[in-house]
Trainee: 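Take this structure, written in structure tokens, and hold onto it; I'll ask about it next.
Each chain gets a letter, A, B and so on, in the order the sequences are listed, and its residues count up from 1.
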Amino acid sequence: MPHESESAAARDARMVAAVLEWFAQAGRDLPWRGGSATPWGVLVSEIMLQQTPVVRVEPVWREWMARWPAPVDLAAAEQADAVRAWGRLGYPRRAKRLWECAGALVDRHGGVVPRTYEELVALPGIGDYTAAAVVAFAHGGRSVVLDTNVRRVIGRAWHGRALPAAHQTVGERAHAASLVPRDDAGAAEWAVASMELGALVCTARVARCDECPLARECAWLAQGRPGLDLAPRRTQPWHGTDRQVRGRVMALLRAASSPVNVTGHATLEDVEPGQLDRCLEGLLADGLIRLDDADRGTYTL
DNA sequence: TAGCCGTGGCA
DNA sequence: TTGCCAAGGCT
């Protein structure tokens with residue numbers, strides 16, 4: 001092996017070790033961490049945490065765990081109850097898919113959360129990240145957990161890039177995989193520690209480099225932290241969009257205990273009829289709402 | 001494969 | 001105040 005490769009590998013190992021050491025003293029004590037939660041609890045937390053901050057997830061997660069402590073419990077519930085209990089976490093399709101996931105766990109896996117990436121990624125609502133996360137955090141197994149936090153940490157510290165590209169590349173994934181410790185426990189620790197570093201220190205907007213265990217080695221910091229302001233992020237439109245109207249319809253139906261005449265409802269008077277109809281069609285197609293009475297125009301979850 | 005899908009807090 | 005963005009997945 002060439003001397004350069006040995007040196008790079010040693011440097012990688014040193015940086016990984018520094019992140020693990022940092023996490024041991026700075027990591028948060030979250031209820032789904034540290035082996036105190038069941039694999040099902042970990043899975044539920046991962047779905048809830050998709051694009052949603054920890055502080056908003058935690059109370060809802062506790063309610064779900066008390067109400068549906070195992071997949072079989074959620075599978076026996078009504079989809080509408082799952083969507084309602086999802087509350088305002090956002091992306092209610094996640095609630096529907098999690099409910100479907102519980103059913104699939106009962107049907108295909110005897111009500112048990114499987115241990116392999118391949119089995120997990122085949123379940124509703126579980127993609128590459130979540131499957132890898134459940135392998136690591138629910139079962140202590142080795143996987144390549146590559147979320148936006150880990151991508152940002154690696155991109156900055158190793159490559160001097162302010163923010164990750166919109167999509168993963170083969171090369172990026174290969175490099176991330178090469179950094180994962182060989183042993184199961186070390187791999188799982190690296191996953192949670194590198195994610196935590198991205199969540200608490202190496203954040204997207206205000207990086208706290210003075211607190212970072214990688215500050216001495218960080219390529220991005222060494223270059224003067226370039227490229228943060230001109231970051232080409234696609235701005236998410238919101239006001240007046242279908243997305244907003246869908247959210248308002250869902251909020252209305254979540255709060256209702258009986259079917260609601262949505263198109264005639266006072267709180268939606270400002271919405272163009274055409275847009276409201278389009279959103280209702282979309283929600284019906286997504287299986288998030290049901291038409292109760294076509295003549296009266298009433299809907300339910 | 002871009003585009004789409006909620007929500008709320010913060011700089 | 002408002003744009004940014006937070007542990008993605010699906011089509």
Trainee: Which part of the nucleic acid does A:Trp32 contact within heavy-atom distance under 4.0 Å: base, sugar-phosphate only, or nothing?
Mentor: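 The residue A:Trp32 makes base contact.
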
Trainee: Heavy atoms only, 4.0 Å cut-off, all strands: where does A:Val145 land among base, sugar-phosphate and nothing?
Mentor: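 Contact class for A:Val145: none.
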
Trainee: For A:Pro114 versus A:Leu105, what's the shortest heavy-atom pair and its separation?
Mentor: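 Where A:Pro114 meets A:Leu105 most closely, the heavy atoms are CD-CD2, 3.5 Å.
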
Trainee: Between C:dG9, B:dG6, B:dT7, which nucleotide has the shortest distance from any of its atoms to the side chain of A:Arg243?
Mentor: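 Out of C:dG9, B:dG6, B:dT7, the nucleotide with an atom closest to A:Arg243's side chain is B:dG6.
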
Trainee: Looking at B:dA2, I'd like to know if its phosphate oxygens (OP1 or OP2) sit under 4.0 Å from a side-chain N or O belonging to A:His167.
Mentor: yes

Trainee: With heavy atoms under 4.0 Å as the rule, sort A:Leu288 into base, sugar-phosphate or nothing.
Mentor: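 Answer is nothing: A:Leu288 stays at 4.0 Å or more from every strand.
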
Trainee: Give one of base, sugar-phosphate or nothing for A:Ile47, where a contact means two heavy atoms less than 4.0 Å apart.
Mentor: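 Contact class for A:Ile47: none.
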
Trainee: Within this structure, what is the CE-to-P distance between A:Met195 and C:dA6, rounded to whole angstrom?
Mentor: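 Taking atom P of C:dA6 as the reference, CE of A:Met195 is at 12 Å.
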
Trainee: Taking for each residue the nucleotide of DNA chain C with the nearest heavy atom, is it A:Pro124 or A:Arg28 whose nucleotide lies nearer the 5' end?
Mentor: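 Upstream on the strand: A:Arg28.
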
Trainee: Contact class for A:Gly90 (heavy atom, under 4.0 Å): base, sugar-phosphate, or nothing?
Mentor: base

Trainee: Show the distances under 3.5 angstrom between N or O atoms of the protein and N or O atoms of nucleotides 9-11 of chain B.
Mentor:
none

Trainee: For the P atoms, the ones on B:dC4 and on C:dA7, what distance do you get once it is rounded to whole angstrom?
Mentor: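 After rounding to an integer number of Å, I get 23 Å for this pair.
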
Trainee: Measure CE/A:Met250 against C1'/B:dG6 and give the value in whole Å, please.
Mentor: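 Between C1' of B:dG6 and CE of A:Met250: 10 Å.
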
Trainee: Got A:Arg208 and A:Thr203 here, is their nearest side-chain heavy-atom distance under 4.5 Å?
Mentor: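 Sidechains of A:Thr203 and A:Arg208: in contact.
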
Trainee: How far apart are the closest heavy atoms of A:Trp99 and A:Ala77, and which atoms are they?
Mentor: NE1-O, 3.0 Å

Trainee: Let me know the distance between CG of A:Asp286 and C1' of C:dG9, rounded to the nearest Å.
Mentor: 13 Å

Trainee: Start with the C-alpha distance between A:Tyr299 and A:Val249, add both sets of side-chain angles, then the distance that settles side-chain contact (heavy atoms from CB on, under 4.5 Å), and finish with yes or no.
Mentor: CA-CA 10 Å; A:Tyr299 295 83; A:Val249 171; over 6 Å; no

Trainee: Please report the distance, rounded to the nearest Å, between CZ in A:Arg152 and P in C:dC5.
Mentor: 10 Å

Trainee: Rounded to whole angstrom units, what separation is found between the CG atom of A:Leu200 and the P atom of C:dA7?
Mentor: 10 Å

Trainee: Is the distance from OP1 or OP2 of C:dG8 to the nearest side-chain N or O of A:Gln51 less than 4.0 Å?
Mentor: yes

Trainee: I'd like the C1' distance from B:dT1 over to C:dG8, given in whole Å.
Mentor: 15 Å

Trainee: Roughly how many Å is it from CZ in A:Phe137 to P in C:dA7, rounded to a whole number?
Mentor: 12 Å

Trainee: Thinking salt bridges, do A:Lys96 and A:Asp286 make one under a 4.0 Å N-O criterion?
Mentor: no

Trainee: Report the nucleotide, chosen from C:dA7, B:dG6, C:dA6, that has the shortest atom-to-atom distance to any side-chain atom of A:Ala204.
Mentor: C:dA6

Trainee: With the side chain counted from C-beta on, respond yes when A:Leu197 and A:Phe23 share a heavy-atom pair under 4.5 Å apart, and no when they do not.
Mentor: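 Not touching, per the 4.5 Å side-chain cut-off.
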
Trainee: Does any donor-acceptor pair link the side chain of A:Thr52 with the base of B:dG6 at a separation under 3.5 Å?
Mentor: yes

Trainee: On DNA chain C, does the nearest nucleotide to A:Gly125 precede the nearest nucleotide to A:Ser45 from the 5' side, or the other way round? Give the residue.
Mentor: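 Final value for this comparison: A:Ser45.
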
Trainee: B:dG6 P sits how many Å from A:Arg84 CZ, rounded?
Mentor: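 Computing the A:Arg84:CZ to B:dG6:P distance gives 17 Å.
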
Trainee: Could you tell me how far apart A:Ile289 (CD1) and B:dC5 (C1') are, to the nearest whole angstrom?
Mentor: 15 Å

Trainee: Applying side chain to side chain donor-acceptor pair (under 3.5 Å) as the test, list every pair that has at least one member in residues 30-39 of chain A; sequence neighbours left out.
Mentor: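 Only A:Arg33-A:Glu196 qualify under side chain to side chain donor-acceptor pair (under 3.5 Å).
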
Trainee: B:dG6, OP1 or OP2 - any side-chain N/O from A:Arg246 closer than 4.0 Å?
Mentor: yes

Trainee: Using atom C1' in both nucleotides, what's the gap between B:dG6 and C:dC5 to the nearest angstrom?
Mentor: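 13 Å, rounded to whole Å.
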
Trainee: Using a 3.5 Å distance criterion without hydrogens, assess whether the side chain of A:Arg254 forms a donor-acceptor pair with backbone atoms of A:Trp86.
Mentor: no

Trainee: With a 4.0 Å cut-off on heavy atoms, is A:Arg33 in touch with a base, just the backbone sugar-phosphate, or nothing at all?
Mentor: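 Here A:Arg33 touches the bases of the nucleic acid.
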
Trainee: Could you work out the separation of B:dG8 and C:dC10 based on their C1' atoms and round it to a whole Å?
Mentor: 24 Å

Trainee: Does A:Arg290 have more than 12 heavy atoms from other residues, nucleotides or ligands lying within 6.0 Å of its CZ?
Mentor: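 Not more than 12 within 6.0 Å, no.
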
Trainee: Out of C:dA7, B:dT7, C:dA6, which has the shortest distance to the side chain of A:Pro53?
Mentor: C:dA6

